[in-house]
Structures are given as structure tokens and as C-alpha cells.
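Chain identifiers are assigned alphabetically (A, B, ...) following the order of the sequence lines, protein sequences preceding nucleic acid strands; residue numbering begins at 1 within each chain.
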Amino acid sequence: MMGQSPRIEALGLTCSYDGGRIAALRGLDLSIDAGEFIAIVGPSGCGKSTLLAMLGALEAPQSGTLSFDGRAFPAPHRASAFRARHIGFVFQSFHLLPTLSAAENIEVPMLESTQSQRQRRERARMLLQLVGLDHRSDDRPSMLSGGERQRVAIARALANQPSVLLADEPTGSLDSINAARVMQLFEQLHAELGTTLVVVTHDGKVAGHAQRVVRMQDGRIIADVEHAA
Amino acid sequence: MTLAGIAWRNVHARPSRSVLTLIGIALSVAAVVALTALAWGFEASWQRAADVRGTDAVVTRTASQNALPSPFDAGVSDTVRSLPQVREVAGLLSELMSVNDAPPMFVFGWQAESFLWRHLTLTSGRFPIENGRAEVALGRLAADLLGKRVGETIHVDAEPFVLVGIFDSPALVENGAALMTLAQMQRITDHLDRVNLINVRLNDGSDEITLAQFRAAVAQALPGYLAVTAGDLVQQNVMVRLAQAMSWAVTVLAVLIGGAGVFNTMLMSVFERTREIAILLAVGWRRGRVIRMILLESLVLGLAGGVMGVLLGSLAVEALLWSDMIRGRIDAQITTGLVGYALTVAVALGLVGGVYPAIRASGLKPASALHAD
């Protein structure tokens, strides 16, 4: 059971790099309802990843506000507890720790929780079962296929029962078969757990799994379309 | 999976670099172990010698801080003997002298039939006596080192002495020494009627009050002289202080050199794992946990290097104790205290080397986990 999904509100977000020469976000507004499955699409450099970093409290906007269930986001340098409790991340390149087994990788975020070692191990085993990899729990990432690694990464993202799952190009490093499997898993998890799911992608097929597609260009939202269920 | 487990895996994941760092730490700690064992052993050897002689206090010149204080008038013994707290007095004269072609050896001249001789056990022959002849006894180790038996002749500062006995002492310093009567020692050192220490046994043992009274009595009756316990004398000994200072200097150097090795290893490790550490921060790890992980890694290196260093240092001490220069002079031992001291040094150098890389790692931006893709 995941934490209760909150509503996320972004108002007038701006962000620029290189002393203001490169504008990543230009006054972006976005509301994400509790339990939504949303895809953010757009060409490279349109600001998708910057927006995702802000939604995950990894970066702060230079102006504008971000609220989580009506309360302002914490500053990034004080956001560890917030991230540990509410946010789960899935990265394009999986980013599993190479020295740890699949189960141990899933336990990593749980070190910030109050769970005992036994409880952590038990939950990691349960999550591996959820993503269909309970038979690979002792294998290190180097022994897993790309698709398996991403499924372990998804299990890791769910470790602390987050209310929001943020995925940055989750199928970007996978072949089409594994990409489809991973997206099916996302759909299944979204349906079973009710987690808010935000996926950044440039792949139309991936976006097709979402309930809502937000299209970005030059740091702004240029389209926001709800898909029929 | 625990934080310590993750730290251990990280150290284990880079075996070549970890082993090189461990070797550096081990050599630093081994130097600390070897030199400190010798310094402490040097101090303990003299303390042991005083203890086994049953000496409650020693009278010497006020200004003397040498291991072998400058000689003074042996008549001082009579004044000391007359003090009400005193039970027995024994003057002695000792020096480092050449004996045959061996490295310089301690030679003691003890007042004949004084209490100083009582703790010795003869293994062959007899002790030297006041008969006007040049006679000497050797400690077990000294006899072994010189390869001499009773009845043979040895040369002390080129003067021939008949070896009349070989003895065993509970004190290593004495086992590695040559022993003759005070009169013979005064003769060959041209210090007639002089001693450089007066060993005293008090009426009531080493009772604090009696000792304080004795000290006051010596200060009053013998200006320029001082009564101290054997322990105080050892602590004031300039050679002991020098050995302690050298031990400290090596310890500080070991922390700096070993710490620099850990610093280099951990900083490189942090640079290589920038993305990995950013991921940990992104999944909710607090900066404090990242700091603890890096410090644990440096502590693992420090402690493992420390254990290797203790073993290596122990071997070095054993080897040194078999060398002619050290054998029979310094009773160096690897005590629990020394092992604890060496491991503390290892922990310190691990911390010194790990602090900056840990702080640097914790300062990484978690957003770089996303941008790394």
C-alpha cells in the first residue's frame, strides 16, 4: 500500500542556466491530481528533465511556487526526508549500485526509514516479487539484463511506499520488448497502488500508456491532452 | 544490508587501490608499533630493573636527568643511611662500556653484599667478591652474546676480567649486563669513592607518608641531592623522554602519511562515484548518511591497515629484539595497550583522510543524478 497521493501544483516556474543565457523553464504552470498517470513529452532541451527535477525536489525554481498537497516544497538542501518519504525515482540508466545485489539495491532507500534490517529485507523480497524478479534477488546488476535492471530500479523506487513516482526516460536504454514490459509494469503498479506517476519521455509509445500527455517546447507547455481510458 | 555493509562492499570493489592504500597504512602503523614498543620497552626495562632490586627510592644529584647520572661522593651514602626512615642503602656505579667486541654493554658496579644482589639467581659459578681481583659476572643474555663461559677472560674497556659467574635476573636490562663489585667499577672508571645512584630501602616499604618524610629529610640533609622513586627517575630520564618524543613524532608522521593515503584514495573514490552518490541523495539519503558512509569506508581502510600494521610491526619488533644492538637492552613487548594505541592511530588516520572527501561527497547535487543521463 503506497502513501496517499497528493495534488502537486506548479505555478510560474522559471529556471535558466549559464547565467540566464539558456532558459529551461519559462513561467510553467502545471497541476497534477492525486493518482494521475501523466507523461511529459517534448524534444531534447525543452525543459522536461528540469521540470522532473523540480517535481522531485532535486532542484528549486528560480521563481514560481511548487506545492505538495497545499504545502510548499522544501528547499532542495533540506529535502532529503521529503524525497525519502514521498518521492520515488526511476532513471533512464537504472543507476543501481554495482556492488550490491538486486535485493540490497532495493533496501538502499529504506536505510532512511525506521524499519529494522529484517523488515527491509522482507520488503525488498516482496517488491522483487511484485516486479517478477524474486528469483534474481541475490544477483548483482551486472548479471541482469537491461529490462531486469529497470524492474529492480522500479522496485527500489517503491521501497519507501512513495505517493509520487517520477520516471526519467525509463525505457530510453531498453529494446522495444523490454520497454513494453516496463510500461506494462508501470500501468500495473499505477492501477494496483494508485501512485501518482509522472513519466518524462520522447517516445510516443511510452506516452501512449499515460492518462494525460503534457507536451513541452522551449520551457513552456504547449499542449495538455487527456487520453480516453 | 547495513551502511557498514555498503561501505565494506565499496572498499572491496576497488581491490588494487584498496590494497595499495592498506600497504601504506600498514607501513605507517608498523613504524608506530615498532618504535613505540621500543620506547615503552626501554622505559619498562628500567622500571623493571628498579622494581626487582626492591628499591623504594633513589638518591641522585638534583640536576641529573641522564640514564646514568654523573658520579658523586660515595660518602653521601653514609648520610642517607643515618636518616630515620632508611632501612638499607646500596651505592652503585654504572656505565655503558665496551666489552670484548660486542656493542656497548651496561656494566654495573654494586656495593658488595648489598640488597641489590639478592634478586639474582646464579646459573653457574659465583658472584664477584671484594678480594682485590678483577672479577666479573655476566647476565644470561650477555654471556650468550659474548659466547663466554665461567673461567674465561673478558675485556671491559680493554682491561681483562675473569668471568666468575653467570646469573639470571627478572630484569632484561640486567640479563644483558656485566656485573662487578663497586670497588672494581670505581677502579676501572677512575671514579674512586664515587657512585652515581644510591638505592634505598625504607623502613615501611614504599608507604607514601614515609617516602614524603624521606624526601624532606634528604632535601634538608643533602642540599643538591634529590630523593625520588624509581618510577620518577625513569620518567625524568632524558633518554626515556627522547624515546617518548620520537615515538610521538613517528605517530604524528604516521597519521599524516597514512591519512594522506586514505585522503587520496577516498577523494578519487568520491570523484569516480559522483553519479552514484547523487543517486543516493536523490533516493532520499540525508547528507549525514553519505558522510557516514564515506567515513566508514575510510575507517575500514584505516582499521584493516591498522591490523596489518600491528602484525607487521610485531614482526619488526621480534626481528629487532634478535639484533645485537637491542638484544638484552630493551624489553620491547607488544602489549594490549600498544595494540589499542596502534589501532587508535589507524582510526585517527582513517578519519583524518576521510573527512574532506566525505564532506565533498555530501555536497554533491542530487539533481546531477538526472542530468547524468
Side-chain angles (χ1 to χ4, degrees), chain A residues 15 17 48-54 56-60 76-101 103-113 117 120-121 124 140 153 156-157 159-160 162 166-170 172-173 200, chain B residues 1-19 265-266 268-298 300-301 358-373:
Chain A
C15 180
Y17 301 112
K48 305 187 296 284
S49 291
T50 302
L51 175 61
L52 198 74
M54 285 181 187
L58 296 177
E59 267 187 71
H77 65 280
R78 287 187 298 177
S80 313
F82 173 80
R83 283 196 297 272
R85 194 170 160 197
H86 297 294
I87 310 288
F89 279 104
V90 178
F91 306 97
Q92 178 181 346
S93 302
F94 329 125
H95 294 331
L96 299 173
L97 301 187
T99 55
L100 305 183
S101 69
E104 288 165 344
N105 263 287
I106 295 167
E107 285 186 54
V108 165
M110 290 189 263
L111 287 173
E112 284 294 341
S113 70
Q117 200 176 338
R120 292 198 299 264
R121 202 176 302 142
R140 293 200 179 182
R156 178 181 66 183
N160 286 334
L166 303 176
D168 185 28
E169 302 280 8
S173 301
V200 161
Chain B
M1 176 47 52
T2 59
L3 192 64
I6 293 174
W8 169 250
R9 299 278 184 90
N10 286 337
V11 171
H12 203 251
R14 294 160 181 82
S16 306
R17 192 186 307 154
S18 295
V19 165
T265 299
M266 293 314 302
M268 281 180 72
S269 171
V270 166
F271 283 144
E272 283 173 4
R273 290 152 60 200
T274 298
R275 193 185 64 184
E276 194 176 302
I277 292 164
I279 299 293
L280 295 174
L281 291 166
V283 300
W285 274 30
R286 284 166 293 162
R287 296 189 186 284
R289 189 173 296 277
V290 171
I291 288 177
R292 290 213 303 277
M293 180 183 74
I294 302 294
L295 282 180
L296 272 171
E297 289 176 25
S298 55
V300 164
L301 283 172
I359 291 170
R360 179 144 187 146
S362 74
L364 291 171
K365 289 186 176 174
S368 58
L370 280 176
H371 300 318
D373 285 331

Under 3.5 Å: donor-acceptor pair, side chain of Glu276(B), backbone of Leu97(A)
no
Student check: side-chain heavy atoms of Pro366(B) and Arg83(A) closer than 4.5 Å
yes
Given heavy-atom pairs under 4.5 angstrom as the criterion, report whether the side chain, backbone, both or neither of Arg85(A) touches chain B.
neither
Rounded to the nearest 0.5 Å, the CG atom of Leu280(B) sits from the CD atom of Glu112(A) at a distance of 10.0 Å
Among Pro109(A), Ala81(A), Ala103(A), which residue has the highest count of heavy-atom pairs closer than 4.5 Å to chain B?
Pro109(A)
Mark yes or no for whether Glu59(A), through its side chain, and Ala367(B), through its backbone, hold a donor-acceptor pair below 3.5 Å.
no
Can a donor-acceptor pair be found, under 3.5 Å and without considering hydrogens, that links the side chain of Trp285(B) to the backbone of Leu111(A)?
no
Is the number of heavy atoms from other residues, nucleotides or ligands within 6.0 Å of CZ (Arg360(B)) greater than 12?
no
Atom pair OG (Ser93(A)) and CZ (Arg275(B)), whose distance is rounded to the nearest 0.5 Å
6.0 Å
Quick one: OG1 on Thr99(A) to NE2 on His12(B), what's the gap to the nearest 0.5 Å?
11.0 Å
Measuring from Ile6(B):CD1 to Asn105(A):CG, what's the distance to the nearest 0.5 Å?
8.5 Å
